[in-house]
Amino acid sequence: MIAYLIRRLGQSVLVLFTMAVLVFFAVFALGSPVDMLASPDADQAERAALAVRFGLDKSLPVQFATFIGNALHGDLGASFVYGKSALAVIGERLPATIELAVLALVFSVLIGVPLGVIAGLRPNSIAGRAIMSTSIFGFSLPNFWIGLMLILFFAVYLGWLPAGGRGPTTNVLGMELSIFSVEGWRHLILPALTLALYKASLVVRLCEAGTREIITQEYIRFARAKGLSRFRIIRLHLLKNMMIPVVTILGMEFGAMIAFTVVIETVFAYPGMGKLLIESINRLDRPVVVAYLMVTTVIFVVINLIVDFLYVALDPRVRLSGPNE
Amino acid sequence: MIQLQKTHQVPALSVENLSVTFKTRKGLVTAINDVSFHVNPGEVLGVVGESGSGKSVTGLAAMGLIDPPGRISGGRVALEGRDIAGIGDKAMRGLRGSRIAMIFQDPISTLNPVLRIDTQIMEAITAHEKISPAAARVRAIEALRAVGIPSPESRLEAYPHQFSGGMRQRVAIAIALLHRPAVLIADEPTTALDVTIQAQILGEVQKLAAENGTALVWITHDLSVVAGLADRIAVMYAGRIVESGTVAEVLTAPRHHYTAGLIASVPSRNRRGQPLAQIPGSTPNLANMPSGCAFHPRCPAKTEICSAELPPILHDPSGRFLRCHHPRQEA
Amino acid sequence: MSEITPTTPLTLPPVAKGERLLLRQVRDLVASPEAAIGLAVLITLVAIALLAPLIAPQNPYDLMQLDIMDNMLPPGSALGNGATAWLGTDDQGRDMLSTIMYGMRVSLGVGIASVLIASVIGALIGVLSAYIGGRFDALIMRIVDLQLSFPSILIALVLLTVFGRGLDKVVLSLVFVQWAYYARTVRASALVEKNKDYIAAARCLEMPQWRILVRHMLPNCIPPLIVVSTVQVAHAITLESTLSYLGVGVPVTQPSLGMLIATGYSFLLSGNYWISTYPGIALVLIVVSINLVGDRLRAVLNPRFTH
């Protein structure tokens, strides 16, 4: 088990380093930020001074070595725009994004699991067919457009919900969170639902397939032969088996969800780190882009580790024999 | 649950003219057709047939576990004299596991892989009795001990995959017998096990069923299993019972040609060196059943009438039952 | 039921069954009403996109045909030249119906082109990976895993930021994010084929390696490839529209549906809904119809899924 852990951690470090290399060179190709930083009437000397200040005069390998060295100390450079540590800039926006993504994840489970189980238990019923057809739409609809339509309907037409932005926040354990106020929820609900739509459809399809497979298993038949109630069979015997693939897939998809906040936050003018990324790309704020990519990579790696552990915790067959093989 | 007066007149389980159909793309398929049998308290009935003969469906139908697209299209199932074929799912659930229980063929998949053994035993207890968790636990330990699982206290917290196939089947048997059911339907529970384990489990089930007065319906494709176990035998072919009677009658003097074929194809010490007899052909497809007697394409004694008409039922005064136009003459 | 299947030492590759099989599959495909509707809608939309210059009421990118006085007209308004703008006009006075027709050309074109290129590249890599095996296979699959563990939207976003705008660049980034899917799909089915008897037979006959690869292994990887590609066209179109919405995709002079939606965003809050809504509906129609067909194709081409 410990050997497995060490190997997984080693893999994670390798992924992080690969990303660091890729990110650095990709962003280096973005163009010189000096053009953007310097005022239009700056002369050569001023521009050169700027380049020296941000270390842009050095050769590429030197810049890369400096980058890696600093990154290991948790320093990913200072934002050209905000004038402070890029990591700090990301850190300020991180809670908003995490809040949005977690809420969307919860929504997709709350919507997807019951619907998927219903469709799986009654595959030929009208409800079952309707759920499965609708899930194709959920899969297909471009998220950003759904967001726009929700804004149009609930904010512009009905006027029930705000069109965008984030509600007032409360500081909880150093994180600024908005889920503790009604106004915060009013701002969160549309973006979170939009973000959840695709995953919810995915969960519906997973749960439908899972249910259809599991209910044919002999242990379900045996559970019925024991005289258990339908509810208990579904809640315990079915769901516990189904949660293994659902948790695995959702965990892997949580990373994609965080990445997709880039789109959702832009649509809903939601001040998270996704919107920050788009702003930073447009402003050529290279350190923030790099910091964003590194932070998301770390999040992905951490999520993957958590999913591995959850998988082990959920499946006694893996837990007790160890995932070594 | 009101315990019914058990008399010899009231069979533990009686099935009358039971038919089960399945809706498929190719139309309605009859899985079992006009099946009748009964089993008295403490008695062992062996139901013998090849796969696809409808023997498993018969067991499931008695349990009320036929799911759409299948349904019971006719007949009566009476448990301890009470008609249970149409009593509704809720009432049936109260009987399942308490008055009528079932164990299945594959011990590997009979227990839920992600739930602990204690959970799976205790839920079967609390489904039918108001009992404290501590008391349920004690019952669970007793039940495991009764089926010969060593140190049951510690094994309770294990998961199914930590048990061997034989041990899992013992757990399933323990669960099935928790409430001393009137009837236990065993659907080939030993087929997937090693021969030595098979014999042990056979013996244990027989013993426990006898102790509890539980009627046993043992479904199998293996004649040699029922030979030593059952009191009576019902032979199924293509969804119908073709012959039934006491073990001695049926095995020593089979009157249906299918039964005779089955007996001839059992490997036996007495016929060492001789080639094993086979029944020519294969089991008919349920969706494409031969006309008349379904066995006629494979039958050595067939005549024109066999493909034209369903054979009439021949009842013996001794309780022997036969469906054949040209019964074998008793030797 | 218990029929014994004769074991023949040399099973022929299943593709050899020819046209009758194809015909039957087409019939199976349209047997499902959802797929039939999807196919009809898709064919109509592709036809409209192809014929856009001929059938669109105006060429929205010909400045001579535009009248700024016609800007922001709601659907059904009369234009200055007497024609009717059934779906309204945008801020430049372009007829939305025409803009959408032209936009579909770009969206469909980018989607299909990227899938074609990526599937060819991916299929070749996948088949080679399966055929060569060993370290090469392990390396390729490690790269595929690494790439697929990152969301395509993020990869495409970074690539386009680096490349800059342009149709070719959008196609290039879409190819880059997609090839791994095809490589993995094809490798999986190629591995299954590789172990079949006819490949061994072909090897015994000392056929040239490329012939075994191209004539025998590749064709049998085609059905799963078709399924994945079909659904992938929808993904590619959605991804392109999302990127264009974020402002890093197609150039302003060749707006796709996604960019039209983005343009309309700024007018949405003031209630001028049509500029974002109608291109969005066109986008949804394309993507949903492709997915309906793809869903059915999966069932038809893969016997495991038929029930």
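Sequence lines set the chain letters: A, B, ... in the order given, protein chains first and strands last, and positions in each chain run from 1.
The side chain to side chain contact (heavy atoms under 4.5 Å, CB included) test with Val114(B) is passed by exactly one of Lys240(A), His237(A), Met242(A): Lys240(A).
Looking at residues two or more places apart in sequence or on another chain, you find a side chain to side chain donor-acceptor pair (under 3.5 Å) between Glu129(B) and Arg139(B), His179(B). Applying the side chain to side chain donor-acceptor pair (under 3.5 Å) test to Tyr292(A) and every residue at least two apart in sequence or in another chain returns nothing.
Between Ala172(B) and Phe222(A), the shortest heavy-atom distance links the atoms O-CZ, 3.6 Å. Residues Ala127(B) and Gly227(A) come closest through the heavy atom pair CB-O, 4.0 Å.
A 6.0 Å sphere centred on CZ of Arg122(A) holds no more than 12 heavy atoms belonging to other residues, nucleotides or ligands. Residue Glu213(A) qualifies as open at atom CD: its count of foreign heavy atoms under 6.0 Å is 12 or below.
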Would Ile108(B) and Glu218(A) count as a side chain to side chain contact (heavy atoms under 4.5 Å, CB included) here? Give the steps.
CA-CA 9 Å; Ile108(B) 302 299; Glu218(A) 200 132 284; over 6 Å; no

With side chain to side chain contact (heavy atoms under 4.5 Å, CB included) as the criterion, how do Lys226(A) and Glu123(B) come out once you've worked through the C-alpha distance, each side chain's angles and the decisive distance to 0.1 Å?
CA-CA 9 Å; Lys226(A) 287 197 280 190; Glu123(B) 68 179 3; 2.9 Å; yes

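Proximity to chain B (any heavy atom under 4.5 Å) is restricted, for Ile244(A), to the side chain, taken from C-beta onward. Contact annotation for Leu111(B): both backbone and side-chain heavy atoms come within less than 4.5 Å of a heavy atom of chain A. Heavy atoms closer than 4.5 Å to chain B are found in both the backbone and the side chain of Arg221(A).
Taking 4.0 Å as the cut-off between side-chain N and carboxylate O, Arg224(A) and Asp67(B) count as a salt-bridged pair.
Ranked by heavy-atom pairs under 4.5 Å with chain A, the list Asp89(B), Leu60(B), Ile185(B) is led by Leu60(B). Interface check for chain A: of the options His128(B), Met102(B), Met63(B), the most heavy-atom pairs under 4.5 Å are formed by His128(B). When Thr110(B), Leu178(B), Thr126(B), Thr119(B) are compared by the number of non-hydrogen pairs under 4.5 Å with chain A, Thr110(B) comes out ahead. Listed options Arg96(B), Met92(B), Lys90(B) were ranked by heavy-atom pairs under 4.5 angstrom with chain A; first place goes to Arg96(B).
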